[in-house]
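To find a chain, count down the sequence lines: A is the first, B the second, and so on, and within it residues start at 1.
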Amino acid sequence: WEEERYPEGIKWKFLEHKGPVFAPPYEPLPENVKFYYDGKVMKLSPKAEEVATFFAKMLDHEYTTKEIFRKNFFKDWRKEMTNEEKNIITNLSKCDFTQMSQYFKAQSEARKQMSKEEKLKIKEENEKLLKEYGFCIMDNHKERIANFKIEPPGLFRGRGNHPKMGMLKRRIMPEDIIINCSKDAKVPSPPPGHKWKEVRHDNKVTWLVSWTENIQGSIKYIMLNPSSRIKGEKDWQKYETARRLKKCVDKIRNQYREDWKSKEMKVRQRAVALYFIDKLALRAGNEKEEGETADTVGCCSLRVEHINLHPELDGQEYVVEFDFLGKDSIRYYNKVPVEKRVFKNLQLFMENKQPEDDLFDRLNTGILNKHLQDLMEGLTAKVFRTYNASITLQQQLKELTAPDENIPAKILSYNRANRAVAILCNHQRAPPKTFEKSMMNLQSKIDAKKEQLADARRDLKSAKADAKVMKDAKTKKVVESKKKAVQRLEEQLMKLEVQATDREENKQIALGTSKLNYLDPRITVAWCKKWGVPIEKIYNKTQREKFAWAIDMADEDYEF
DNA sequence: GTACTAGACTCAGAAAAATATTA
DNA sequence: ATAATATTTTTCTGAGTCTAGTA
């Protein structure tokens with residue numbers, strides 16, 4: 001890229017693609033797979049049957065036990081039924097989907113048991129599909145498309161306590177699809193007998209295909225892969241904005257400290273919120289439509305019930321205890337000592353309020369971002385997250401990397417630095433189901449290795465003793481080889497121990513999100529170059545593709 | 001001015017698939 | 001060598017942020 005700069009807002013000049021791949025059509029169940037209502041066999045109409053299979057496929061999932069999920073599902077399912085079916089099927093609890101469920105389980109089992117040839121055939125078909133639909137031409141380059149397959153119909157699964165869980169996500173048809181391409185490009189053809197909703201030529205946007213989804217009424221897009229020029233440049237830009245913040249962050253911090261004393265309530269609230277965003281890397285917190293989504297908050301939308309003030313706690317003064325659900329209903333729990341002025345302000349903000357009232361009642365993300373824009377061009381709340389994440393990585397790497405450590409130990413240091421960022425950003429994961437077991441396995445490996453090492457050491461000792469007596473070349477050689485063996489085992493043991501530490505520390509922490517979205521990849525590239533750590537040890541193939549620009553750009557002196 | 005909303009884009013963890021390791 | 005299992009990578013699509021256009 002970097003060939004030519006486009007005027008403001010223009011994203012491309014030429015764009016040609018083959019359109020989306022639609023979900024495979026519904027295949028009715030074989031005759032012998034029965035559905036029972038109230039203990040009696042019932043043959044469902046194709047439409048009702050299709051929706052029933054969505055539920056059957058999820059039968060083992062916790063979702064299907066939830067009241068809201070069942071209620072939403074049943075309501076939408078009934079809409080797909082014939083009048084007769086509607087008359088009979090009035091109670092979800094009387095529906096028996098077990099045969100369907102077993103049928104699908106058997107099918108997935110069969111898929112696992114397929115022969116090599118069959119698996120290869122499927123693989124080849126997928127590759128063919130990718131080759132045909134997975135790429136587009138944007139301005140002189142063939143670029144990989146991220147999600148060229150249209151989402152298949154199914155039951156909506158929100159995150160957390162979502163009021164719409166279980167609703168039917170309808171099948172997307174060509175008639176729902178808007179195609180975007182350049183005027184001089186070949187327009188993709190819709191499937192036979194169908195037509196597109198619209199074909200447009202808008203080079204002010206980056207998407208190739210869009211449609212409106214029926215659960216929230218929001219628009220979904222097909223866009224390019226992170227390795228593409230258009231995504232890469234944007235990513236680069238993001239980190240450049242964060243680096244600009246680095247230059248003026250001290251000034252901004254002084255400013256909001258001043259603003260804590262302002263006569264204006266709005267200014268004080270803005271300043272305290274910004275302090276949280278900066279110090280704790282909280283998200284901005286847009287307001288959300290009540291009842292449309294799970295009840296989650298970010299900084300500006302915090303409510304009184306989400307914090308607890310402790311004038312003194314565990315020997316620390318002015319502690320704020322946060323407890324709220326953030327993006328994706330991930331819990332944020334943190335006890336933070338704050339400056340006295342912040343504490344007093346919070347007390348003031350909470351005066352005469354109910355738990356469900358907004359903490360920052362005079363503030364929203366619009367007001368905050370407008371203020372930030374005045375402080376620095378291009379500055380918004382999320383830039384603080386990027387900035388603090390990247391600067392933390394850089395500092396931690398400096399602090400944790402010991403020059404004479406070996407590569408595995410260096411990688412552990414890297415992961416620890418990465419982990420510090422993930423903790424800051426509250427990137428969590430459910431502990432893997434097999435975590436305990438896998439830790440135990442690793443421990444027994446370590447024990448076995450220790451034993452081997454002890455044996456090897458004993459061998460070495462006796463070989464040395466032999467050599468002392470015999471003093472011939474042969475025994476000397478034996479000593480040498482035993483020495484090598486010990487060394488090798490020591491190294492292997494150390495590697496395993498490092499791995500165990502890394503894994504233990506990582507139990508509930510997800511490193512991927514910060515690595516992919518918050519850490520300036522040039523910091524990592526520079527670190528790898530400086531310490532001779534192969535980049536493949538840190539970034540896998542996909543990641544290297546996404547960060548190709550950084551790998552190309554940064555040398556070992558790069559400073560964020 | 002400002003508030004509201006649609007639109008476009010980034011970022012998020014779970015689940016599925018692929019691959020590596022072990023039995 | 002093969003199958004079972006563990007681990008890593010990729011896919012999936014939901015959930016945020018933020019802006020521009022409109023009332």
Side-chain angles (χ1 to χ4, degrees), chain A residues 9 11 58 61 63 108 111-113 116 119 122-123 126 130 134 146-152 154 156-160 162 164-165 169 178 180 202 204-207 210 212-213 215-226 230-231 234-235 237-238 277 283-289 292-294 296-301 325-330 364-370 372-373 378-383 385-386 389 422 425-430 432-435 437-439 441-442 444-445 499 503 508-518 539-543 545-546:
Chain A
K11 304 291 169 62
M58 294 177 74
H61 203 288
Y63 271 117
S108 79
R111 221 171 303 133
K112 274 189 218 152
Q113 297 302 322
K116 272 207 177 98
K119 281 184 182 166
I122 291 178
K123 203 175 166 189
N126 285 337
L130 174 68
N147 55 326
F148 58 91
K149 289 180 187 157
I150 299 274
E151 296 169 20
F156 177 81
R157 309 146 82 134
R159 305 284 183 106
H162 198 116
K164 298 194 174 182
M165 63 168 83
K169 242 175 73 163
I178 302 175
N180 193 30
D202 183 356
K204 301 246 191 350
V205 296
T206 67
W207 53 267
S210 76
T212 302
E213 152 273 344
I215 305 290
Q216 311 282 1
S218 65
I219 308 170
K220 298 244 179 178
Y221 304 93
I222 291 182
M223 291 184 190
L224 296 192
N225 199 66
I230 207 152
K231 294 288 184 191
K234 198 79 188 294
D235 209 34
Q237 214 180 74
K238 173 177 80 184
I277 285 172
R283 295 188 185 80
N286 285 311
E287 43 283 45
K288 305 169 57 171
E289 222 173 319
E292 294 292 304
T293 60
T296 64
V297 298
C299 185
C300 294
S301 50
L325 296 183
K327 183 177 181 179
D328 289 341
S329 294
I330 299 290
N364 60 43
T365 54
I367 295 170
L368 178 64
N369 279 333
K370 187 164 279 173
L372 293 176
Q373 192 61 238
L379 185 61
T380 60
K382 80 197 262 290
V383 179
R385 247 167 106 77
T386 312
C425 294
N426 200 230
H427 291 142
Q428 298 187 29
R429 61 168 181 175
K433 289 254 184 309
T434 54
F435 185 83
K437 205 176 145 206
S438 115
M439 279 316 283
N441 285 344
L442 197 52
S444 54
K445 263 196 204 168
Q499 205 184 348
R503 193 175 300 181
Q508 302 202 58
I509 310 218
L511 299 185
T513 302
S514 52
K515 202 173 187 177
L516 238 45
N517 301 302
Y518 288 102
Y539 288 148
N540 66 31
K541 183 166 148 280
T542 319
Q543 295 166 161
E545 280 167 11
K546 166 165 177 168

Look for any protein N or O under 3.5 Å of an N or O in nucleotides 20-23 of chain B and output each such pair with its distance, or none.
residue, atom, partner, partner atom, Å
B:dT22, OP1, A:Lys445, NZ, 2.5

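- Comparing atom distances between the A:Lys169 side chain and each of C:dC18, C:dG14, B:dG13 picks out C:dG14 as nearest.
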Enumerate the protein-to-nucleotides 9-11 of chain B contacts in which both atoms are nitrogen or oxygen and the separation is below 3.5 Å.
residue, atom, partner, partner atom, Å
B:dC9, OP1, A:Lys11, NZ, 3.1
B:dC9, OP2, A:Thr206, N, 2.9
B:dC9, OP2, A:Thr206, OG1, 2.9
B:dC9, O5', A:Thr206, OG1, 3.3
B:dT10, OP2, A:Lys231, NZ, 2.4
B:dC11, OP1, A:Lys238, NZ, 3.4
B:dC11, OP1, A:Lys382, NZ, 3.3
B:dC11, OP2, A:Lys238, NZ, 2.5
B:dC11, O2, A:Lys327, NZ, 2.8

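- Take A:Asn126 and apply the side chain to side chain donor-acceptor pair (under 3.5 Å) test, not counting sequence neighbours, and it matches no residue.
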Exercise. Please walk me through it: do A:Ile219 and A:Trp207 pass side-chain contact (heavy atoms from CB on, under 4.5 Å)?
Worked result: CA-CA 11 Å; A:Ile219 308 170; A:Trp207 53 267; over 6 Å; no
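- At the heavy-atom level, A:Ala146 lies nowhere under 4.0 Å from the strands shown.
- Note: CD (A:Gln216) to P (B:dA8) measures 18 Å, nearest angstrom.
- As judged by a 4.0 angstrom heavy-atom cut-off over every strand, A:Gly217 is placed among residues making no nucleic acid contact.
- Residue contacts for A:Pro152: at a heavy-atom cut-off of 4.0 Å it reaches the sugar-phosphate backbone alone, with no base atom in range.
- A side-chain N or O of A:Asn286 and one of A:Thr365 form a donor-acceptor pair less than 3.5 Å apart.
- Toward the 5′ end of DNA chain B lies the nearest nucleotide of A:Asn426, the other residue of the pair A:Arg111 and A:Asn426 mapping further downstream.
- If you check every strand for non-hydrogen atoms under 4.0 Å, A:Asp328 touches sugar and phosphate atoms only.
- Residue A:Asn540 is the one, among A:Val383 and A:Asn540, whose nearest nucleotide of DNA chain C lies closer to the 5' end (criterion: closest heavy atom).
- Across A:Lys546 and A:Asn517, no two heavy atoms sit closer than the pair NZ-OD1, 3.9 Å.
- In this structure, A:Gln428 reaches the sugar-phosphate backbone alone: every heavy-atom distance under 4.0 Å involves primed, P, OP1 or OP2 atoms, never a base.
- Look at CD1 on A:Ile367: it is 10 Å from C1' on B:dA3, rounded to the nearest Å.
- Checked against side-chain contact (heavy atoms from CB on, under 4.5 Å), A:Ala294 has the following partners two or more places apart in sequence or in another chain: A:Thr296, A:Ser329.
- Following rounding to the nearest Å, A:Phe148 (CZ) and C:dT11 (C1') show an atom-to-atom distance of 11 Å.
- Close to C:dC18, at under 4.0 Å from its OP1 or OP2, lies a side-chain N or O of A:Thr380.
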For this session: Evaluate side-chain contact (heavy atoms from CB on, under 4.5 Å) for A:Glu545 paired with A:Lys541, printing each intermediate quantity in order.
Result: CA-CA 6 Å; A:Glu545 280 167 11; A:Lys541 183 166 148 280; 3.7 Å; yes
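- Here A:Lys11 pairs with A:Thr206, A:Ile230 under the side-chain contact (heavy atoms from CB on, under 4.5 Å) rule; sequence neighbours left out.
- As a whole-Å value, the separation of A:Ile330 CD1 from C:dG14 P is 16 Å.
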For this session: Give the C-alpha distance, both sets of side-chain angles, the deciding distance and a yes or no for side-chain contact (heavy atoms from CB on, under 4.5 Å) between A:Val205 and A:Asn180.
Result: CA-CA 9 Å; A:Val205 296; A:Asn180 193 30; 3.4 Å; yes
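- Interatomic distance, NZ of A:Lys220 versus CG of A:Asn147, reported as 9.5 Å (0.5 Å rounding).
- Nucleic acid contact for A:Ala294: none, since no nucleic acid atom lies under 4.0 Å from a heavy atom of the residue.
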Give every pair of a protein N or O atom and an N or O atom of nucleotides 21-23 of chain C that lie under 3.5 Å apart, one pair per line with the distance.
none

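- Listed nucleotides B:dA12, B:dA14, B:dT19 differ in distance to A:Ala430; the shortest reach to its side chain belongs to B:dA14.
- Under the rule for a side-chain contact (heavy atoms from CB on, under 4.5 Å), the partners of A:Arg157 that lie at least two apart in sequence or sit in another chain are A:Met58, A:His61, A:Tyr63.
- Looking at the side chain of A:Phe156, the nearest of the listed nucleotides C:dT19, C:dT17, C:dG14 is C:dG14.
- Distances shown here put every side-chain N or O of A:His61 at or beyond 4.0 Å from the OP1 or OP2 atom of B:dA14.
- Listed by chain and residue number, nothing satisfies the side chain to side chain donor-acceptor pair (under 3.5 Å) test with A:Arg111 (two or more places apart in sequence, or in another chain).
- A:Gly512 comes within 4.0 angstrom of no nucleic acid atom, judged by non-hydrogen atoms across all strands.
- For the pair A:Thr296 and C:dG16, the criterion of a side-chain N or O lying under 4.0 Å from OP1 or OP2 is met.
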Every protein N/O within reach of nucleotides 1-6 of chain C N/O, cut-off under 3.5 Å:
residue, atom, partner, partner atom, Å
C:dA6, OP1, A:Lys437, NZ, 2.5

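- Taking 3.5 Å as the limit, the base of B:dG13 and the side chain of A:Arg159 contain a donor-acceptor pair of atoms between them.
- Counting to the nearest Å, the C1' atom of B:dA3 and the CD atom of A:Glu289 are 15 Å from each other.
- A:Lys164 is linked by a side-chain contact (heavy atoms from CB on, under 4.5 Å) to A:Phe156, A:His162, A:Met167, A:Ile215, A:Gln216, A:Glu292, counting only residues two or more places apart in sequence or in another chain.
- With sequence neighbours excluded, the residues that form a ring pair (Phe, Tyr, Trp, His ring centres under 6.0 Å) with A:Tyr518 are A:His427.
- OP1 or OP2 of C:dC18 lies within a sub-4.0 Å distance of a side-chain N or O belonging to A:Asn369.
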Exercise. What's the verdict on side chain to side chain donor-acceptor pair (under 3.5 Å) for A:Ser301 and A:Glu287, showing C-alpha distance, side-chain angles and the deciding distance?
Worked result: CA-CA 6 Å; A:Ser301 50; A:Glu287 43 283 45; over 6 Å; no
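- Put simply, NZ on A:Lys370 is 11 Å from P on C:dT19, counting in whole angstrom units.
- Other residues, nucleotides and ligands contribute at most 12 non-hydrogen atoms within 6.0 Å of the NZ atom of A:Lys370.
- By the side chain to side chain donor-acceptor pair (under 3.5 Å) test, A:Asp235 is found to be paired with A:Lys238, residues two or more places apart in sequence or in another chain being considered.
- Summarising the geometry, the separation between CD1 on A:Ile222 and P on C:dC12 is reported as 11 Å, rounded to the nearest angstrom.
- Taking atom CD1 on A:Ile215 and atom C1' on C:dA15, their separation rounds to 14 Å, with Å as the unit.
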